[in-house]
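From a predicted model like this one, the values you see are computed outputs, not experimental measurements. Every chain is numbered from 1 and lettered A, B, ... according to where its sequence line falls, protein lines coming before strand lines.
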Number of protein chains: 2
Amino acid sequence: MNISQVSKKYGLSIDTLRYYEKEGLIPPVHRNESGIRDYTEQDCGWVEFIKCMRGAGLSIETLREYISLHAKGNCTLQKRKDLLIAERAKLQERLQEMQETLKRLNYKIDFYDKKIVACEKELLGRRKNK
Amino acid sequence: MNISQVSKKYGLSIDTLRYYEKEGLIPPVHRNESGIRDYTEQDCGWVEFIKCMRGAGLSIETLREYISLHAKGNCTLQKRKDLLIAERAKLQERLQEMQETLKRLNYKIDFYDKKIVACEKELLGRRKNK
DNA sequence: GCTTGACTTGAAGTTAACTCCAGGTATTAC
DNA sequence: GTAATACCTGGAGTTAACTTCAAGTCAAGC
């Protein structure tokens, strides 16, 4: 799979894919004889994983660290787990905050509904009194 | 209430408070005779609201638009409601995505648990065989 | 054999959202 | 009255995360 196919498949720009690789967010992608990227299933798996984690707000820095630990093999299993646990905690906090804000938005939208109705009534009333 | 008290109260830097005001994210703050900001209850309310919305990922641009509509009075009620509905939809999408990722992290952490146990067993096994 | 189009690289540019700085004013403490 | 402190402004600088660019390679079609 070449880079533009991967780009379409995951909705990440070609430039972003190269950037992620350059920055060590995904392990080096397999290349053909002439140096052109040829993504394996596994390479695609990494792309998908990174896309997912970035979408949840994990930083480039954190993901680079994770991949770097991964590259060092089994002796970093515990460290990787700890990293994921820390990131999960942050994610849970963000989720909580956002859920609160969602509730607030719902409430606010309801409030606007009522306000709009009240406002229309007032306009109607004024017209009658003219 | 002066700016440093507001800064402490909401955990936003003084520079950020001034920046938000300059950018029109909050309506102009009340000033005393010598031009120094003196936040009223209402000013604080706006700060809190913007902090909350920024925390949920609403952009500066969007919030500026909202405040600008607010400043124009009742004839923008419907537009403001529409804006909030659109932002709520985006927020819900972000939430969904993040919840999926949370599940995935949970799964992955479990997986690491098992892998670590398996790895330790293997090490133990090797030691016995020596 | 040469043009076209997709790939490559390193480096520079962009964007959003702050954050810092220099130079100035006003109030309080001594 | 002057030194310290907290505020003010406009503008420059920073950071993360891309995004664009210039210059080059390579394979396919004509």
Exercise. Would you call B:Arg104 and A:Glu48 a salt bridge, taking side-chain N to carboxylate O under 4.0 Å as the test?
Worked result: yes

Seminar exercise, completed: Outermost contacting nts on DNA chain C, any atom under 4.0 Å from chain B heavy atoms, listed 5' then 3', are C:dA17 to C:dT27

Seminar exercise, completed: Sorted by chain and number, sequence neighbours left out, side chain to side chain donor-acceptor pair (under 3.5 Å) with B:His30 holds for none

Exercise. Can the positive tip of B:Lys108 be found less than 6.0 Å from the middle of the six-membered ring of A:Phe49, inside 45° of the ring normal?
Worked result: yes

Exercise. Quick one: on DNA chain C, does B:Ile60 or A:Ile3 contact a more 5' nucleotide (nearest heavy atom)?
Worked result: A:Ile3

Problem set entry | B:Glu61: partners by side chain to side chain donor-acceptor pair (under 3.5 Å), with sequence neighbours left out | B:Arg64

Exercise. Salt bridge between A:Glu97 and A:Arg94, side-chain N to carboxylate O under 4.0 Å?
Worked result: no

Seminar exercise, completed: DNA chain D in dot-bracket form (Watson-Crick or G-U pairs under 3.5 Å, [ ] crossing, | inter-strand) is ||||||||||||||||||||||||||||||

For this session: Could you check if a side-chain atom of A:Leu25 sits within less than 4.5 angstrom of a side-chain atom of A:Tyr66, using non-hydrogen atoms only?
Result: no

Exercise. Should A:Lys90 and A:Glu87 count as an ion pair when the cut-off is N to O under 4.0 Å?
Worked result: yes

For this session: Please name all residues satisfying salt bridge (charged side-chain N to carboxylate O under 4.0 Å, His left out) with A:Glu21, sequence neighbours left out, ordered by chain then number.
Result: A:Arg31, A:Arg37

Exercise. Does B:Asn2 place a side-chain N or O at less than 4.0 Å from the phosphate oxygens OP1/OP2 of D:dA6?
Worked result: no

Exercise. In Å and rounded to the nearest 0.5 Å, what is the CD to CG distance from A:Glu120 to B:Asn74?
Worked result: 11.0 Å

Exercise. Would you say the side-chain atoms of B:Lys51 pair up with the backbone N or O of B:Tyr10, donor to acceptor, closer than 3.5 Å?
Worked result: yes

Seminar exercise, completed: Note: contacts of residues 12-49 of chain B with DNA chain C (heavy atom, under 4.0 Å) are B:Asp15, B:Thr16, B:Tyr19, B:Tyr20, B:Ser34

